[in-house]
Amino acid sequence: MSTGEDPGAGGARTATLGPRRTPGLVPVTETMRTTERHEPEPAPAAPPETAGRATWAFWRLLGSELGLTFRRPRNLVMLSVLAVVPVVVGVALRMFGSSTDDDMSGLVQDVAGNSLMLTFVSFSFLVLLLMPVAVSVVAGDSIAGEAGGGTLRYLLAAPAGRTRLLAIKYLNAVVYAYAVTAVVALSALVTGLVLFPAGDVTLLSGTTVPLADGLLRIAISVGYVGAGMAALAAVALALSVFTEVPIGAIAGTVVLVIVCQVLRAIPELGSIAPYLLPTRFTNFDAVLRSPIDVAALRDGLLTFGAYIVLFGSIAWARFSGKDITS
């Protein structure tokens, strides 16, 4: 008589129940059967209005930047000073023109003969120093001023992007550069009309053109000089991204202009003079020839464009990879 269980029955029972499963674990075969594999879903396409919203944000930020620039007392004072200089020049030529030396007699005769010439004379006096100083102050302060004031990190905290912020800062400086140029031209034009007779304009080539033609030539010179100041703004902006002290970028730009003037005065360095930025500033006198010296204007604009591309690229390369700590 046997009291133990039949091993055959136990083996059959074990085979019937199947393999024992550990609680909490799922066999791999079951996981592979029951789990569905999906292809990664593509990123949702940006809604059509996203581009328009980004464009609106760009112009809104630029408008805010321009508002700050043209409300700042320092910048308004610089515009006022530049507006006063043509008035002083005009009054001085009106009052003391008869007592000038032979070197100035031709200039006095040109201005006294027609009021429009005072605009070109004012540009000749201001385009090599005072106008560059005004533009350098705004452009040199654009990035360095934000870094020095501790506000640059907050500007970059918004999803605006460094490239867009840099473009806005540069466009702001360009608008101010053209404002400086327009203020000088308008002040000189009004002063000339008040102090000197208006009429046909005698050009440097000896040709006489009507008053309307003279006004058109002034407009061309304003566009050209403004482009030169925009090129200088690119230089100041490039220096501004390398420092957190605005006065360093401003002084560096002004010193660069002065050094270029010194180099131009050395006859032995005449071969490099055409490549110096201030050399092209005075090419606006091409409009005083008949016909207009288009080649001189074209060469100047090409130089300005080359400076904008070069120093704009330097500013972008530095700013896009710069570690912002302030």
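This is a predicted model, so every value here is computed, not measured.
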Self-check item: Audit row: Phe281, Met131, side-chain contact (heavy atoms from CB on, under 4.5 Å) steps and yes/no
Solution: CA-CA 11 Å; Phe281 286 167; Met131 291 174 63; over 6 Å; no
Self-check item: Straight-line distance of Thr191 OG1 to Leu93 CG, nearest 0.5 Å
Solution: 11.0 Å
Quiz item: When clusters are formed by joining ILVMFWY residues with side-chain heavy atoms under 4.5 Å apart, either directly or through shared neighbours, do Tyr176 and Val77 land in the same one?
Solution: no
Quiz item: Does some side-chain heavy atom of Arg289 sit less than 4.5 Å from a side-chain heavy atom of Leu203?
Solution: no
Practice problem: Report yes if the side chains of Trp316 and Leu166 come closer than 4.5 Å at any heavy-atom pair, otherwise no. | Solution: yes
Quiz item: Would you say the side chain of Thr282 lies within less than 4.5 Å of the side chain of Phe123, judging by non-hydrogen atoms?
Solution: no
Exercise. Determine yes or no for a side-chain-to-main-chain donor-acceptor pair under 3.5 angstrom, with Asn283 supplying the side chain and Ala296 the backbone.
Key: yes
Practice problem: Measure the spacing between CG of Leu82 and OG of Ser187 and express it to the nearest 0.5 Å. | Solution: 9.5 Å
Quiz item: Atom CD1 of Ile143 and atom OH of Tyr170: how far apart are they, to the nearest 0.5 Å?
Solution: 13.5 Å
Practice problem: Calculate, to the nearest 0.5 Å, the distance between atoms CG and CG belonging to Leu211 and Leu216 respectively. | Solution: 11.5 Å
Self-check item: Donor-acceptor pair, side chain of Ser142 and main chain of Ala139, under 3.5 angstrom
Solution: yes
Quiz item: Looking at Ser136 and Ile250, what are the two nearest heavy atoms and their distance?
Solution: O-CG1, 3.5 Å
Quiz prompt | Distance (rounded to the nearest 0.5 Å) between Arg280 CZ and Tyr307 OH | solution = 9.5 Å
Self-check item: Joint hydrophobic cluster, Val194 plus Leu189, side-chain heavy atoms closer than 4.5 Å
Solution: yes
Practice problem: Could you go through the side-chain contact (heavy atoms from CB on, under 4.5 Å) check for Phe58 and Leu171 one step at a time? | Solution: CA-CA 11 Å; Phe58 177 87; Leu171 288 177; 3.8 Å; yes
Exercise. Scan side-chain atoms only and decide if Thr69 and Asn172 contain a donor-acceptor pair under the 3.5 Å cut-off.
Key: yes
Self-check item: Verify same cluster id: Val190, Val84 (apolar side-chain graph, 4.5 Å)
Solution: no
Practice problem: Give the cluster check for Val88 versus Leu129: same hydrophobic cluster or not, with ILVMFWY residues linked at side-chain heavy-atom distances below 4.5 Å. | Solution: no
Self-check item: Side-chain (Tyr178) to main-chain (Ala227) donor-acceptor, under 3.5 angstrom
Solution: yes
Quiz prompt | Heavy-atom side-chain proximity of Val287 to Leu297 below 4.5 angstrom | solution = yes
Practice problem: Nearest 0.5 Å please: distance from the CG atom of Asp285 over to the OG atom of Ser221. | Solution: 10.0 Å
Quiz item: Would you say the side chain of Leu232 lies within less than 4.5 Å of the side chain of Phe304, judging by non-hydrogen atoms?
Solution: no
Practice problem: Check step by step if side-chain contact (heavy atoms from CB on, under 4.5 Å) holds for Val222 and Phe284. | Solution: CA-CA 8 Å; Val222 168; Phe284 67 87; over 6 Å; no
Self-check item: side chain to side chain contact (heavy atoms under 4.5 Å, CB included) partner of Arg217, the single match among Val209, Leu116, Leu288
Solution: Val209
Quiz item: Nearest heavy-atom pair of Ala144 and Gly140: which atoms, and what distance?
Solution: CB-O, 3.7 Å
Quiz item: So do the side chains of Cys260 and Thr279 get within less than 4.5 Å of each other, counting heavy atoms only?
Solution: no
Quiz item: Does the Thr181 side chain pair with the main chain of Ala177, one donor and one acceptor, at a distance under 3.5 Å?
Solution: yes
Quiz prompt | Minimum-distance pair of heavy atoms, taken over all atoms of Ile308 and Ala231 | solution = CG1-CA, 3.6 Å
Quiz item: Arg72 versus Asn75: any side-chain heavy-atom pair under 4.5 Å?
Solution: yes
Self-check item: Leu118 with Leu193, same ILVMFWY side-chain cluster at under 4.5 Å
Solution: yes
Quiz item: Looking only at heavy atoms, which two atoms of Pro210 and Asp200 are closest? And how far apart?
Solution: CA-OD1, 3.6 Å
Quiz item: Ignoring hydrogens and geometry, is there a side-chain-to-backbone donor-acceptor pair from Ser64 to Arg60 under 3.5 Å?
Solution: no
Self-check item: Closest non-hydrogen atom pair, Ala238 against Val241
Solution: O-CG2, 3.1 Å
Quiz item: Between the main-chain N or O of Ala273 and the side-chain N or O of Arg264, is there a donor-acceptor pair closer than 3.5 Å?
Solution: no
Quiz item: Arg162 side chain to Phe319 main-chain N or O, any donor-acceptor pair under 3.5 Å?
Solution: yes
Quiz item: Any donor and acceptor pair, going by atom type alone, linking the side chain of Ser290 with main-chain N or O of Thr207 inside 3.5 Å?
Solution: no
Quiz item: Tell me, do Val89 and Phe125 make a side-chain contact under 4.5 Å, heavy atoms counted?
Solution: yes
Exercise. Start with the C-alpha gap between Val235 and Leu256, add the side-chain angles, then the distance that decides, and say whether side-chain contact (heavy atoms from CB on, under 4.5 Å) holds.
Key: CA-CA 9 Å; Val235 177; Leu256 179 63; 3.6 Å; yes
Quiz item: So, Asn114 side chain and Thr202 main chain: donor-acceptor pair closer than 3.5 Å or not?
Solution: no
Self-check item: Presence of salt bridge, Lys169 and Asp141, under 4.0 angstrom
Solution: no
Quiz item: If you look at every heavy atom in Tyr224 and Gly300, which pair is closest and at what distance?
Solution: OH-CA, 3.3 Å
